[in-house]
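In what follows, a structure is listed as structure tokens, so that the remarks can point back to it.
Whatever order the structure lists ligands and atoms in, that order sets their numbers, starting from 1.
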Amino acid sequence: MSQTFRQARRSQSLYRRACQVFPGGVTRATITFDTHPTYMAAGSGARVLDVDGNEYIDFANNFTTLIHGHAFPPVVAAVQEQLTSGSCFANPTETEIELAELICARVPGIEAIRFVTSGTEAVMFAIKAARTFTGRQKIAKLEGTYHGAYDWAEVSETVPPDRRGGAVRPVPNYRGTPNAVLDDVVVVPFNDVKRAAEILDRHGDSLAAMLIDVMPSRPGLIPLSQDFVALLNDFSASTGALIISDEVLNFRAALHGAAAAFGLNAKLFSLGKIIGGGFAVGAVAGAREVMDVFSTREARLLPQGGTFAANPVTMVAGRACLQHLNAPDYARIADLGSHARRGIRAVRERTGADISVTGQGSLFRIHPKSDPPRTYAEFYQTPEQSSDLKNILSGLAHRGILLSNTGLAALSTPMGPAEIDAFLSSLEETLKERVAA
Ligand SMILES: Cc1ncc(COP(=O)(O)O)c(C=O)c1O
């Protein structure tokens, strides 16, 4: 696929219209490589078509959500059937029990669950549940990690490394963040056991929870090391600070979820993305004794509602998505992930370009650096490197390969070796073109 010129007239005109009604011309963070976003018209399987008629292989998959790609027939059939019977009710429906049973049966550590409508809400309710259960306010999180838009969860998200190479000072994510938020967040470096232990020990038993993503995408898609996970487990066991496994993104890591795959002893989980089969979703889940804070049967300790929570359209889509996602499917897309990571390293060898890759399973992330980052400091990009990455992603998009704008790629079940090879040859062409220029 060596098509390098792409029409964008209709996208440009839509963007001009959008600028009249949306601040900055967009209504959420989206993929924008050049001067305007590319507006999509349709998607099917691993491919999407933009409004100007250009086709792409979609490695963004709505920020990792679409594990079966676009318009997955079992999801389409389930949703079509549900729509003819109504899209939402104030009453519960059987559909929510079916999806909950499926997740509880699959994930060790999830005994009870409550559905919400986004990963942000799932993280928020997990933090609230931990606070209610422990009676403590503070949370700990890892430097540079993204967990959605709840104030406490978004502290120190995009911060330049400090002198020691980390980003552990609680830094507000937006002007006007209440000081009280910063006072109640402890930021911990990842994969630095000694320093993390020093910081955690200072807060001893005042922590309600540690909000953990086992392979956080924002600071580089670098997996947590086994000794770091052991530190978190030990600290949780000795202080009562509950581990929240934020699996909004990394639930796609394995059939039994990310905490099980990494040996993280989580009492609470936040889920989202793939469990909704392509529809708006989130879920807070975990051990029954903790989840009982949501119970409305006795004194309700923690109120939780949501107009569209557990709406049957999302529930049937999520069920269809997960029912068609079994151990062999995970193994197959993980193999494709290994193929892609190996291929990127080979492209680096052949071109000599500054490119490296991190990730595991069905996820990988490219970095505009010669060596794969292992720490926050190694991950952090200079303005030149950020602009390099933007150009590489734009070169890929012009060749019909779509990645998220951080360089994150998520594989889907309709993909095969042909899609990975198309990505690798486009990457090689893009890098060679850059070297020549
Ligand atoms: C780890 C993690 N937590 C939470 C969220 C927020 O989820 P949502 O965008 O559904 O609010 C995301 C979204 O990308 C995420 O990656």
Side-chain angles (χ1 to χ4, degrees), residues 26-31 59-67 113-130 139-158 173-174 185 187-188 190 209-224 243-254 257-259 261-262 264 266 268-286 304 306 308-311 314 317-318 321 358-365 379 403-410:
V26 288
T27 184
R28 64 161 178 164
T30 186
I31 300 180
F59 288 88
N61 277 312
N62 194 28
F63 301 108
T64 78
T65 301
L66 298 172
I67 198 156
I113 189 164
R114 282 245 170 166
F115 291 109
V116 290
T117 45
S118 70
T120 288
E121 256 184 289
V123 168
M124 174 181 82
F125 279 119
I127 292 173
K128 286 185 174 192
I139 65 154
K141 66 168 289 194
L142 304 181
E143 57 186 343
T145 49
Y146 178 72
H147 298 277
Y150 187 44
D151 296 65
W152 288 266
E154 63 180 5
V155 167
S156 291
E157 218 170 66
T158 313
N173 200 36
Y174 64 95
V185 179
V187 185
V188 176
F190 60 81
M210 295 183 280
L211 179 60
I212 305 298
D213 181 345
V214 293
M215 189 168 68
S217 81
R218 190 67 75 86
L221 204 70
I222 302 168
L224 295 188
I243 294 177
I244 300 170
S245 182
D246 182 0
E247 305 195 13
V248 170
L249 191 145
N250 273 311
F251 189 59
R252 61 154 55 228
F262 278 70
L264 184 70
L268 282 164
F269 297 73
S270 44
L271 307 176
K273 299 198 194 266
I274 71 166
I275 68 159
F279 289 78
V281 79
V284 51
Q304 180 262 323
F308 293 104
N311 74 81
T314 300
C321 171
T358 53
Q360 273 185 11
S362 63
L363 293 174
F364 67 86
R365 180 169 171 174
F379 147 76
L403 263 68
S404 302
N405 40 4
T406 55
L408 176 68

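Inter-residue side-chain proximity for Val185 and Asp151 is flagged as unmet; no heavy-atom pair is nearer than 4.5 Å. With contacts defined as side-chain heavy-atom distances shorter than 4.5 Å, the pair Phe379/Glu143 does not qualify. Two residues are said to be in side-chain contact when any heavy atoms from C-beta on lie closer than 4.5 Å; Phe251 and Lys273 fail this criterion. Here the side chains of Thr145 and Pro219 are in contact, with some heavy-atom distance below 4.5 Å.
Among protein heavy atoms, the minimum distance from atom 4 (C) of ligand 1 is reached at His147 C, 3.3 Å.
Annotation for ligand 1: atoms under 4.0 Å from non-hydrogen atoms of Leu249 are 16 (O). Near Asp213, with a cut-off below 4.0 Å to any heavy atom, the atoms of ligand 1 are 1 (C). Atoms of ligand 1 lying under 4.0 Å from any heavy atom of Gly119, numbered from 1 in the order shown and given with element: 6 (C), 7 (O), 8 (P), 10 (O), 11 (O). Close contacts between ligand 1 and Ser118 involve ligand atoms 10 (O), 11 (O) [criterion: under 4.0 Å to a heavy atom]. Which parts of ligand 1 touch Thr120 is read off a 4.0 Å heavy-atom cut-off, strictly below it: atoms 6 (C), 7 (O), 8 (P), 11 (O).
Judged by distance alone, with hydrogens and angles left aside, the side-chain atoms of Gln360 form no donor-acceptor pair with the main-chain N or O of Ala253 at under 3.5 Å. Between the side chain of Arg365 and the main chain of Arg218, a donor-acceptor pair closer than 3.5 Å is present. Formation of a donor-acceptor pair under 3.5 Å by the Thr120 side chain with backbone atoms of Ala149 is found in this model.
For atom 7 (O) of ligand 1, a protein non-hydrogen atom is found at a distance below 4.0 Å.
Both the backbone and the side chain of Tyr146 come within 4.0 Å of ligand 1, counting heavy atoms alone. The part of Asp246 lying near ligand 1 is the side chain, judged by heavy-atom distances below 4.0 Å.
Closest heavy-atom approach to atom 13 (C) of ligand 1 among the candidates Glu247, Lys273, Glu121, Arg218: Lys273.
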